[in-house]
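Structure first, commentary second.
Here is how names work: the chains are called A, B, and so on, in the same order as the sequence lines, proteins then strands, and each is numbered from 1. Basis for what follows: all heavy atoms, side chains included, without hydrogens, waters or symmetry-related copies.
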Amino acid sequence: MSLLTLSNVTKRFGGLTAVNGLTFAINAGETVGLLGPNGSGKTTALNMISGYLPLTSGTIALEGTTISTLGPERIAHRGVARTFQLVRALPSLTVGENVLAALAFRKDPLWGSEAEAKIGALLENVGLAGRQHDQASNLTYIDLKRMELARALATEPKLLLLDEWLAGLNPTELRAGIDLITRLRQSGITILLVEHVMDAVRALCSRCIVMNTGARLADGPTADVLSDKAVIRAYLGDDHA
Amino acid sequence: MIVLVSLLALVALAAVPFFVGAYPLGLGIGILGYGVLATAWALFSGPTRYISLATVAFFGIGAYTVAVLADLMPYPLVLLCAALIGLVVAILVGLATLRLAGIYFVIFTFGLAELVRQLVTYYEVNVTRTLGRYVFLPIGPEHIYWQLLGLLAITLALAFWISRAKIGLALRVIGDDPVVASHLGIGITRTKLALFSLSAVVMTLAGAIQAPRWTYIEPSIVFNPTVSFLTVIMALLGGPNRLFGPLLGAVPLFLLFEWLSANFPNHYSIILGLLFIAIVFLLPNGVLAAWDKFAARLKNKEARA
Ligand SMILES: Nc1ncnc2c1ncn2[C@@H]1O[C@H](COP(=O)(O)OP(=O)(O)OP(=O)(O)O)[C@@H](O)[C@H]1O
Ligand SMILES: [Mg+2]
């Protein structure tokens, strides 16, 4: 049975159809890339999976159970965690408290000394060792992204949704970021990642789904999908195909 | 350490009625009353940054409950009834309003207080056919003072506990970013409702305890919106996210408003409004936070010198 299943998922904003009859399934342990040109509906799809946006029609299921009727906090408790395309820190909290917030309200909550120990390990994992007491509002962009990832991982998700987590990093940071996600993959967590950085997609994803104007354009092994004529046309325009 | 100092302060404050006359004691009651209201207001509004103007709705409900029930049952039971009524109203109001955000919440809570006042007035005029009630309870000002002091101590202890408990963290996360809160599994409505209700019960009790002071009670007195505005200004001046902030704001502002209403009864509301604006713009996090910032800057300067 697949971990995540989208069946005929559609989202309309007034007259605009942002996601149009999207159907795909992801198996446990896979790392899948969700690609597509700007405005093709990738973020909207993630928003529906995490429960941030209600669907116009269709269903989303996790481990065979429908989750698309639930709110984000119930979906989080079922094992879905995410980062946001525009980083969402909790600015008035410290870095440690940001992670604690995830530990304290997850399905099997941690608090007190147990949580403290876990916070240290999670921060170290993303390269923020020793930064626990820093104010989140003082962090650099890359560190905010790291903190947001640590917060998502603190919920011990089955499915991790990453929305352009590697965007805006310099080459060294990108290298470190890819290594970090590779380690996550190896730990067995299922990842659906939206990404424009093609080197990262090639390095991380065995399989890719490509969207165009809200609909699925391609779905298959990364190498095949990235050399697909229709995909190249969607990304670069007709002249290049 | 802070517990010890607080306990000593509590004992010292409890002794005040033995040493002062009626007028200072009255001021003390006023300060404690607003100290309780501002601290209770900040319980919910501090971390969430939801500006509630419903304070007087609960305050008035407390006072009116005492006026209606005082002759029917023993005083402790009257207080309990007041707290329960406050709780029920808070839950209903909370369920209706807590999905609103920003200015809509402010306006709705203000409207709510007016609605409660109109309902009570309507009921009194058309059903009981009396506007206004007399409260004759054998409760002297020193007893009111002690009860308020007790309520203040309990409220501060609650605020202290909440600031270290999970629910306090949940509320701060919601205040920072409700989207993140919900994605971390925090039940937003449940959390906000719990704190809003707790804060409302304390406000209701503050009104109930002070009811015997007035002897005569009518809707325009106990549902006066100025109470809500004063509470907000006091909490904001002192700093709504610090344990003693709201109380610290209540002391000078209560004394200032006593003086203003005695000497400038006609310009009182204008001054109140201007002060409100000044505080919101100049000290959005309260004097304590501003002081911290100032102290940090001094320290930096010293370090550099
Ligand atoms: N809340 C919203 N209200 C109205 N329109 C929206 C909303 N969110 C997204 N859209 C529109 O839906 C379409 C898809 O947007 P979406 O953010 O999902 O694209 P995307 O594939 O993530 O793009 P990008 O690569 O630029 O992040 C766009 O046309 C966008 O303007
Ligand atoms: Mg996007």
Quiz item: Is it the backbone or the side chain of Ala181(B) that comes under 4.5 Å from a heavy atom of chain A, or both, or neither?
Solution: neither

Quiz prompt | Arg190(B) versus chain A, the contacting section by heavy-atom distance below 4.5 Å | solution =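 Neither part.
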
Practice problem: Give the C-alpha distance, both sets of side-chain angles, the deciding distance and a yes or no for side-chain contact (heavy atoms from CB on, under 4.5 Å) between Leu169(B) and Leu93(A). | Solution: CA-CA 9 Å; Leu169(B) 177 65; Leu93(A) 274 58; 4.0 Å; yes

Quiz prompt | Val180(B) and Arg151(A): CA distance, side-chain angles, deciding distance, side-chain contact (heavy atoms from CB on, under 4.5 Å) verdict | solution = CA-CA 10 Å; Val180(B) 171; Arg151(A) 201 172 64 196; 3.6 Å; yes

Portion of [X] that has a non-hydrogen atom of chain B nearer than 4.5 angstrom:
X        : result
Arg88(A) : both
Arg74(A) : neither
Ile75(A) : neither

Minimum heavy-atom distance [X]-[Y], with the two atoms named:
X         : Y         : answer
Ile186(B) : Glu73(A)  : O-CB, 3.7 Å
Ser92(A)  : Arg172(B) : O-NH2, 4.0 Å
Ala165(B) : Trp111(A) : C-CZ2, 3.7 Å
Gly185(B) : Ala76(A)  : N-CB, 3.9 Å

Quiz item: Hey, does the side chain of Lys166(B) reach the backbone of Ala104(A) with a donor-acceptor pair shorter than 3.5 angstrom?
Solution: yes

Quiz item: With distance as the sole test, does Asp177(B) use its side chain to make a donor-acceptor pair with the main-chain N or O of Leu90(A) at under 3.5 Å?
Solution: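 No: the side chain of Asp177(B) does not pair with the backbone of Leu90(A).
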
Exercise. Would you indicate whether Glu116(A), at its atom CD, is surrounded by more than 12 heavy atoms from other residues, nucleotides or ligands within a distance under 6.0 Å?
Key: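 Result for CD/Glu116(A): enclosed.
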
